[in-house]
Amino acid sequence: MSGPKSPRLPKLFVSLMLRDDMREIVLGDLDEDYCACIRRGMPVRLAQLRYWRAAVASVMSSCSARDATALPKNTHRKASEKHRTYGGGMNELRYAFRQLRNSPAFTITALATVAICLGANLAIFAVIDSILLRPLPFPESNRLVTVFNTYPKAGVERDGSSLTNYYERRGHIPAFSSLSIVRESTEVIGEIGSTQQEQVMRISPDFFATIGVGPALGRSFHEVETITPIENYAAIVTDTYWRQRLNSDPHVLGRQIRVNGQRRTIVGVLPPRFRFLSSEASVFLPLTSRLAQRTSEQRHSGGGGTHMIARLKPGATVAEAQSQIDAHNARLEKDNPQANVMVEAGFRSLVVPLHADHVRSIRPTLWLMQAGALFLLIMGAVNLINLLLIRASSQMKEMAIRRSMGASRRHVVSHVMVQTLLLTVVGGLFGLGVGASGLRLFEVLGADRLPLGAHMAFDGRLAVVGLAGSVLLGVIIAVPIAWFNLRSQQENTLRSESRTSTGNRTAQRLRHGFVVAQITLAFILLAGAALLGLSLRNVMAVSPGFRAEHVITGQFTLPYGRFPSGTSRRVAVLDRLLELIRQQPGVVAAGTITNAPLSGNNGKSAITPKGYAPQRGESLHGHYVYSITGDYFTAMAIPLREGRFLTSADSHRPERVGVVDEDFARRYWPKGGALGQHVLQGTDSDDAEPFMIVGVVGAVKQAELTEPRGQGAVYLPYRYRESANIFVVTRTSQRPEAFADSLRELVRATDPELAIDDVRSMETLIAESLIGRRSPAVLAGVVAGVALLLAAIGTYGVLSYTIAQRRREIGIRMALGAQMRQIRTQFLGLGLRVLAAGILLGAMGAWGAGRAMQSILFGVPTLHFATLFGTAFVLAAVSFVACLIPIRRAWRVDPMIAMRAE
Amino acid sequence: MRHHLGEFEQLLMMSLGQLGPDASGLEMREFIERRTGRTISPGAIYTAMQRLEHRGFVTSTFGEPSPQRGGKRKKLYRLSADGVIALQNMRTALARMAKGLNPKLSSQ
């Protein structure tokens with residue numbers, strides 16, 4: 001036959017599912033019809049569709065109800081006959097398929113249960129795999145560590161490392177085979193007028209050697225390129241940058257790009273898909289410094305933005321490295337006049353594995369979610385076992401016939417195994433789809449912004465895990481069913497089934513026990529979700545200290561080349577920008593600050609009141625220090641407590657003034673009188689010039705909404721702390737988003753070198769800072785909903801079966817004059833007993849779960865009675881409805897029919 | 001032997017009667033589709049024909065394989081003597097039931 005071939009997949013399906021005699025004829029018919037259609041001129045797609053439909057319909061009708069009682073061919077074969085096991089297996093499979101097809105409600109419920117439970121686990125496992133389990137994409141990445149300074153008693157938990165740390169430790173720590181330092185920033189790249197903000201990573205030349213992956217083209221940086229003043233301005237770009245921005249120029253090495261107004265030569269291109277942890281840097285520059293910045297005075301001036309990465313020598317451990325670092329620090333600090341201050345601050349340099357450190361914030365949440373998903377899987381499995389046990393009970397007669405025809409124990413087990421495996425594997429295939437869409441859902445909820453979350457994908461490995469899991473699930477579920485079948489083999493049930501009214505006692509207790517277990521698990525999941533939701537609500541209710549509505553914010557960098565610090569150019573450009581913004585209609589107030597609250601990067605610095613000496617044993621404290629211009633406080637609607645706000649004029653006066661927040665004022669001057677006092681940047685013994693406090697403002701949440709009170713912040717005029725990173729904040733009378741484009745144009749109009757980034761309303765910024773809380777709460781809610789559904793199905797199924805089993809008994813009692821009410825009460829009582837047991841156990845479990853979750857809850861106590869009662873109520877209501885449906889059906893039992901029914 | 005035929009079996013027997021002896025399943029299928037507008041799958045036809053054969057109403061033989069069928073044989077059916085009787089009885093019964101039905105239907 002010439003022309004397109006008939007589709008192979010349905011052909012395979014048919015040849016598997018139909019018996020030998022039917023197979024040949026049906027396949028022949030399908031092919032002949034297909035050829036005839038093609039010849040008649042039917043489009044190929046249509047003919048193929050027709051083929052599919054006819055094939056599937058043929059299989060379905062060959063499994064029609066009439067044949068359901070026909071047993072598979074090999075049941076009466078003796079166990080000693082070893083051959084034709086494949087044919088035997090296929091027969092079992094066809095029989096199982098037929099059985100499932102004949103009870104569509106059960107099959108659909110079972111498949112949906114398996115798909116949802118397995119899919120949820122797969123999705124979460126995908127996240128855990130890519131973030132926690134998969135090693136970093138560097139050779140022997142388990143040997144990479146990071147070293148950071150901590151001053152716990154000063155309130156500074158993590159302060160990165162300093163340049164001095166790097167230059168002093170380089171080559172002096174035997175446990176490290178390589179040491180490097182990195183700093184991330186946002187810089188302006190491009191020609192005038194078409195600049196863009198890009199993430200940039202500044203690195204020491206040995207960075208690539210440390211991580212073990214280097215440029216694919218060109219070279220890394222030379223040592224001489226890191227000493228300011230530099231003659232050689234070099235840059236390394238990522239593969240993506242080369243392809244997208246430089247058009248994969250084959251002569252890229254030697255080509256120039258303009259970074260912060262400074263021309264740089266590209267000396268290397270990184271390999272494709274290179275990524276350091278979660279960094280989105282597309283350009284790498286040498287981390288340059290003057291020799292004066294590498295001295296011992298700068299040892300503790302890391303500032304939190306610089307990170308030290310090291311590689312352990314083969315055989316060296318983290319503990320060894322830690323003790324060597326401690327010894328090294330002790331040696332150096334002997335010469336440090338400030339050593340006492342640092343000791344009192346609890347200074348230490350900690351060595352921790354890089355991967356673990358990077359994901360530390362998200363680890364508890366992820367494992368919690370996996371635990372939730374596992375609970376769901378257990379519930380689903382329990383549900384399935386229950387439903388299958390029910391089916392097994394009703395099929396006892398058929399099993400007896402099989403046994404009387406010589407089926408061995410092996411056949412019973414294999415029959416059960418085939419049936420459950422068919423359910424779980426097909427359900428598992430659907431579960432792969434559920435898992436893939438679950439992963440997509442996670443991405444929508446912001447999971448790709450988690451540390452290392454950018455490379456989550458549903459790949460083949462996950463599919464294999466999913467299928468293996470579904471096979472395992474099938475085997476596990478088959479065990480109690482097979483046990484039940486084998487046990488009833490010992491009883492002579494061929495005769496007993498027609499007489500018993502209550503069925504197997506043990507099986508009944510088992511079924512009821514399973515329902516109790518389900519209700520317990522559902523309770524725990526519901527309570528957990530409620531606690532997470534409450535936490536989220538509590539966090540969202542925290543006042544940030546300013547009014548976020550109608551405020552738009554954006555961020556840009558002042559390139560060093562064009563706006564060197566120490567001149568008046570930076571102040572001038574900011575003044576000009578604010579001037580332009582104020583001229584726009586609808587603008588109420590505008591200002592700039594070096595770091596907006598809740599923007600995700602907020603570090604503390606040393607700043608102390610003049611003349612302040614800490615008590616014995618107490619250390620100096622770090623506080624938030626920002627510099628501002630314009631009407632920042634007015635724009636953010638931060639209240640004024642005493643004195644006055646800072647304005648742009650303060651950046652043009654020789655007098656140094658500053659404003660502190662009420663927490664700072666209360667800490668150092670608890671009885672008041674902060675106005676007129678002075679503060680110094682750094683510690684008291686530095687020669688810094690003091691700033692006079694002219695105002696006290698309300699406290700603002702800086703790092704996150706859940707930050708404890710009393711951190712303290714100091715605001716200085718921009719001129720005296722000229723950071724290159726600027727956040728511009730504008731309060732408008734219109735919707736903030738409407739002002740976004742104007743803001744971008746105005747920044748460009750102020751100076752063609754500037755490019756503003758991250759333009760969003762303050763409300764959006766706050767919402768994004770909550771993503772780590774919102775997503776788990778949403779997911780927990782979904783999981784809890786599914787759990788509730790499973791519990792309801794389980795309750796309904798068991799009660800339904802119990803009632804159906806006892807139809808005869810009901811019929812007799814009604815014929816003898818029992819009221820429907822009495823019978824209903826009895827079954828309702830059964831349902832309520834099961835529910836009560838489940839709720840009791842569930843409450844205890846929920847308490848335990850609350851304790852386990854304490855670290856991620858906010859403002860919610862372990863034993864939250866409202867949650868427990870609410871959960872109990874919801875569960876009771878749902879279970880009650882689930883009980884009611886089969887009971888109402890029992891009501892309609894006609895006593896005569898019931899007594900005759902068999 | 002019971003001579004009662006189910007509705008689907010009736011269609012198959014009638015098509016067999018119309019098409020003559022040694023009709024293939026495909027021909028029967030197309031005939032029924034043309035005359036009644038019902039689409040039937042091959043599986044349904046052969047399952048039903050198997051039952052009819054089991055009851056002794058039809059007999060079957062294998063036809064020659066052909067390239068259009070991918071080298072597979074086809075099955076050819078013909079009515080048995082019992083089958084012809086069953087078919088005739090069914091026709092008579094239906095005719096008796098239908099007598100006078102039309103005017104009653106149109107008046108409802």
Side-chain angles (χ1 to χ4, degrees), chain A residues 1-8 10-40 42 46-47 49-70 73 94 97-98 101-102, chain B residues 2 4-12 15-16 19 22-78:
Chain A
M1 181 198 78
S2 62
K5 277 240 173 101
S6 48
R8 288 176 53 206
K11 210 187 273 194
L12 189 65
F13 183 51
V14 166
S15 50
L16 275 179
M17 296 308 298
L18 290 187
R19 287 194 291 268
D20 316 295
D21 41 355
M22 292 271 280
R23 194 189 304 154
E24 182 181 359
I25 321 168
V26 170
L27 281 177
D29 262 22
L30 290 174
D31 277 338
E32 190 175 341
D33 181 71
Y34 184 76
C35 286
C37 289
I38 298 284
R39 228 179 305 126
R40 260 182 297 168
M42 196 186 275
L46 222 56
L49 190 65
R50 186 183 158 96
Y51 194 99
W52 266 99
R53 290 234 294 269
V56 171
S58 298
V59 170
M60 290 301 169
S61 50
S62 79
C63 303
S64 69
R66 297 249 205 111
D67 292 341
T69 52
K73 279 188 183 163
R94 281 187 216 127
F97 184 81
R98 225 174 12 215
R101 201 214 152 213
N102 286 331
Chain B
R2 287 183 300 165
H4 303 299
L5 295 172
E7 188 243 356
F8 187 48
E9 290 167 331
Q10 287 177 8
L11 290 179
L12 291 173
S15 70
L16 206 49
L19 288 170
D22 293 330
S24 77
L26 192 57
E27 287 170 342
M28 290 165 67
R29 222 171 102 217
E30 283 174 352
F31 186 79
I32 295 178
E33 200 169 328
R34 239 180 307 133
R35 288 254 180 143
T36 66
R38 272 171 76 162
T39 330
I40 312 170
S41 71
I45 297 224
Y46 292 116
T47 314
M49 293 306 288
Q50 236 177 15
R51 277 202 303 273
L52 284 173
E53 199 172 352
H54 189 64
R55 289 164 70 181
F57 293 152
V58 301
T59 56
S60 67
T61 49
F62 272 109
E64 286 304 308
S66 72
Q68 289 103 312
R69 297 175 65 83
K72 300 186 174 58
R73 300 174 292 177
K74 60 166 91 177
K75 217 158 193 204
L76 307 169
Y77 295 98
R78 62 165 70 187

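Scope of the values below: all heavy atoms of this structure, side chains included, with no hydrogens, waters or symmetry mates. Everything numeric in this text was worked out from a predicted model, so none of it was measured. Letters A, B, ... mirror the listed sequences (proteins, then strands); counts begin at 1.
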- Query: Measuring heavy-atom distances to chain B, does A:Arg39 have an atom under 4.5 Å in its side chain, in its backbone, in both, or in neither?
  - Reply: side chain
- Between B:Pro42 and A:Ile25, is any pair of side-chain heavy atoms under 4.5 Å apart? no
- Between A:Glu32 and B:Lys72, is any pair of side-chain heavy atoms under 4.5 Å apart? no
- Message: Just to verify, what does B:Glu27 make a side-chain hydrogen bond (donor to acceptor under 3.5 Å, both in side chains) with, not counting sequence neighbours?
- Response: none
- Is there a donor-acceptor pair under 3.5 Å between the side chain of A:Glu24 and the backbone N or O of B:Arg73? yes
- Query: Are B:Arg69 and A:Leu27 close enough that some pair of their side-chain heavy atoms sits under 4.5 Å apart?
  - Reply: no
- Item | Worked verdict on B:Arg29 versus A:Asp33 for side-chain contact (heavy atoms from CB on, under 4.5 Å) | CA-CA 10 Å; B:Arg29 222 171 102 217; A:Asp33 181 71; 4.0 Å; yes
- Message: Considering only residues two or more places apart or on different chains, which pairs with a residue in residues 36-47 of chain B satisfy salt bridge (Lys or Arg N to Asp or Glu O under 4.0 Å)?
- Response: B:Glu7-B:Arg38
- Query: Going by heavy atoms in the side chains, are B:Thr47 and A:Met22 under 4.5 Å from each other?
  - Reply: yes
